Participant: 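Sending over a structure as structure tokens; questions will come in a sec.
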Amino acid sequence: DFEILRERGEATFEAVMLSIGQGRTTWTPLHAADAYATLVRHGRRMAPTLVRGWSSPDVPVSRELDPSTVATAIAGLEDVIEMPYGSANHLPLPGGTEPIFNIDGIKLAAKTGTAQAPPWRHDINGDGVIEVDERLSGVEHAWVVALAGPEGGAWTHAISVLVEYGGSGGRAAGPIANQVMHALRAEGLLDGGTP
């Protein structure tokens, strides 16, 4: 509760942490895709559909977003893929680079991220005991939320990928989102619809 944080003097710190996606932020890949789809619809929220023919009984809450603010946010998301300094632009490889997103004829935008993760523990040798060398720390969860749509048209898809303990969002989750887009195109689903 924000009021409790304010009373304890933590509100400013929490606001700064939330602004960079850290702190008490908790959401699923579905929440992420839903948030970005709502952004490109300028605040109009539609309940996500997981199973065709079934819809949530929850009434979506919409908020009108300032068009210039939405345009600025989307321009930044496009730069993440299009600009050489973008975290979803390319993978550095020995002898060169490889684009993360390699699908032509559509517009793309994305946000990559890494999320703090607790140490990973796994009984590698199967002896029933997790030894010190079977603990891995410092490997974070990899995220990417990508938007796609036909060139010159509306955004039609919001795709979210989470790779637990994957490390870098661009490096681990980005190529998976790229493959999802290739699959959508192969099924004829990438050129129309509503995100």
Side-chain angles (χ1 to χ4, degrees), residues 15-23 25-43 45 48 65-117 138-187 189-195:
V16 169
M17 294 303 288
L18 286 172
S19 73
I20 61 168
Q22 297 293 328
T25 302
T26 303
W27 65 351
T28 67
L30 180 60
H31 289 123
D34 182 35
Y36 280 68
T38 301
L39 172 70
V40 299
R41 289 191 302 264
H42 296 261
R45 183 170 180 270
L65 300 177
D66 176 64
S68 66
T69 302
V70 171
T72 300
I74 292 173
L77 296 171
E78 290 170 331
D79 283 354
V80 169
I81 292 177
E82 295 172 6
M83 301 305 288
Y85 54 78
S87 56
N89 178 268
H90 65 274
L91 297 170
L93 300 172
T97 62
E98 179 74 25
I100 293 174
F101 289 91
N102 61 5
I103 186 164
D104 294 324
I106 64 169
K107 62 181 180 177
L108 299 170
K111 170 66 177 94
T112 65
T114 53
Q116 295 172 336
V139 179
E140 312 300 351
H141 297 321
W143 278 89
V144 69
V145 183
L147 299 168
E151 289 288 347
W155 297 102
T156 58
H157 289 78
I159 299 158
S160 179
V161 175
L162 165 66
V163 179
E164 291 183 315
Y165 298 101
S168 163
R171 226 173 300 156
I176 296 170
N178 181 57
Q179 290 304 307
V180 169
M181 290 182 194
H182 279 281
L184 288 169
R185 173 170 273 167
E187 293 295 321
L189 300 173
L190 194 54
D191 298 323
T194 302

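On a predicted model such as this, the values are computed, not experimentally measured, just so you know. Values below: every heavy atom of this structure, side chains too, minus hydrogens, waters and symmetry copies.
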Participant: List the atom of Pro48, the atom of Leu30, and the distance in Å for their closest heavy-atom pair.
Facilitator: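 In this case the closest contact between Pro48 and Leu30 is CB-CD1, 3.7 Å.
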
Participant: Under the side-chain contact (heavy atoms from CB on, under 4.5 Å) test, which residues partner Ile103, sequence neighbours left out?
Facilitator: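 Scan of Ile103 (side-chain contact (heavy atoms from CB on, under 4.5 Å), adjacent residues dropped) gives Ile106, Leu108, Asn178, Met181, His182, Arg185, Leu190.
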
Participant: What heavy-atom pair brings Val144 and Ala110 nearest, and what distance separates the two atoms?
Facilitator: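 In this case the closest contact between Val144 and Ala110 is CG2-CB, 4.1 Å.
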
Participant: What is the minimum heavy-atom distance between Ala158 and Ala33, and which atoms define it?
Facilitator: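 What the structure gives for the nearest pair is CB-O, 3.5 Å.
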
Participant: Are any non-hydrogen side-chain atoms of Val70 and Val40 less than 4.5 angstrom apart?
Facilitator: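 With C-beta onward as the side chain, the pair stays apart.
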
Participant: To the nearest 0.5 Å, what is the distance between CZ (Arg171) and NE2 (His90)?
Facilitator: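 Atom-to-atom, Arg171:CZ and His90:NE2 are 10.0 Å apart.
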
Participant: Can you tell me how far the CH2 atom of Trp155 sits from the CG atom of Leu147, to the nearest 0.5 Å?
Facilitator: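 With rounding to 0.5 Å, CH2 (Trp155) is 5.5 Å from CG (Leu147).
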
Participant: Can you tell me how far OG1 of Thr97 sits from CG of Asn89, rounded to the nearest 0.5 angstrom?
Facilitator: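 One gets 7.5 Å once the value is rounded to the nearest 0.5 Å.
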
Participant: Is a side-chain N or O of His141 found less than 3.5 angstrom from the main chain of Tyr165, in a donor-acceptor match?
Facilitator: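 Pair found, side chain donor or acceptor close to backbone of Tyr165.
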
Participant: Could you check whether atom CG of Asp66 has more than 12 heavy atoms from other residues, nucleotides or ligands sitting under 6.0 Å from it?
Facilitator: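 Result for CG/Asp66: enclosed.
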
Participant: According to side-chain contact (heavy atoms from CB on, under 4.5 Å), who are the partners of Ala32, at least two apart in sequence or on a separate chain?
Facilitator: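 Once residues adjacent in sequence are excluded, the partners of Ala32 under the side-chain contact (heavy atoms from CB on, under 4.5 Å) criterion are Trp27, Trp143, Val145, Ser160.
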
Participant: Should Tyr36 and Ile159 be marked as a side-chain contact (heavy atoms from CB on, under 4.5 Å) after you check the CA-CA gap, both sets of side-chain angles, and the distance that decides it?
Facilitator: CA-CA 9 Å; Tyr36 280 68; Ile159 299 158; over 6 Å; no

Participant: Could you measure the distance from the CD atom of Glu151 to the CG atom of Asp104? Nearest 0.5 Å is fine.
Facilitator: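 Reported to 0.5 Å precision, the distance equals 9.0 Å.
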
Participant: What residues, two or more places apart in sequence or in another chain, satisfy salt bridge (Lys or Arg N to Asp or Glu O under 4.0 Å) together with Asp34?
Facilitator: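 If we apply the salt bridge (Lys or Arg N to Asp or Glu O under 4.0 Å) test to Asp34, skipping adjacent residues, the hits are Arg45.
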
Participant: Quick check: does any side chain N or O of Lys111 sit under 3.5 Å from a backbone N or O of Leu77, one acting as donor and the other as acceptor?
Facilitator: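 Pair absent, no side-chain N/O of Lys111 close to backbone of Leu77.
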
Participant: Quick one: closest heavy-atom pair of Ser168 and Thr114, and the distance?
Facilitator: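 Result for this residue pair: CA-CG2, 3.7 Å.
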
Participant: So with a 6.0 Å cut-off around CD of Glu187, is the heavy-atom count from everything else above 12?
Facilitator: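 Counting neighbours around CD of Glu187, 12 or fewer heavy atoms of other residues, nucleotides or ligands fall under 6.0 Å, so no.
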
Participant: Taking all heavy atoms of Gly170 and all of Ile100, pick out the closest pair and write down the distance.
Facilitator: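 Of all heavy-atom pairs spanning Gly170 and Ile100, the closest is O-CD1, 3.4 Å.
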
Participant: Of all heavy-atom pairs between Pro150 and Thr156, which one has the smallest distance, and what is that distance?
Facilitator: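 In terms of heavy atoms, the two residues are closest at CD-CG2, 3.8 Å.
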
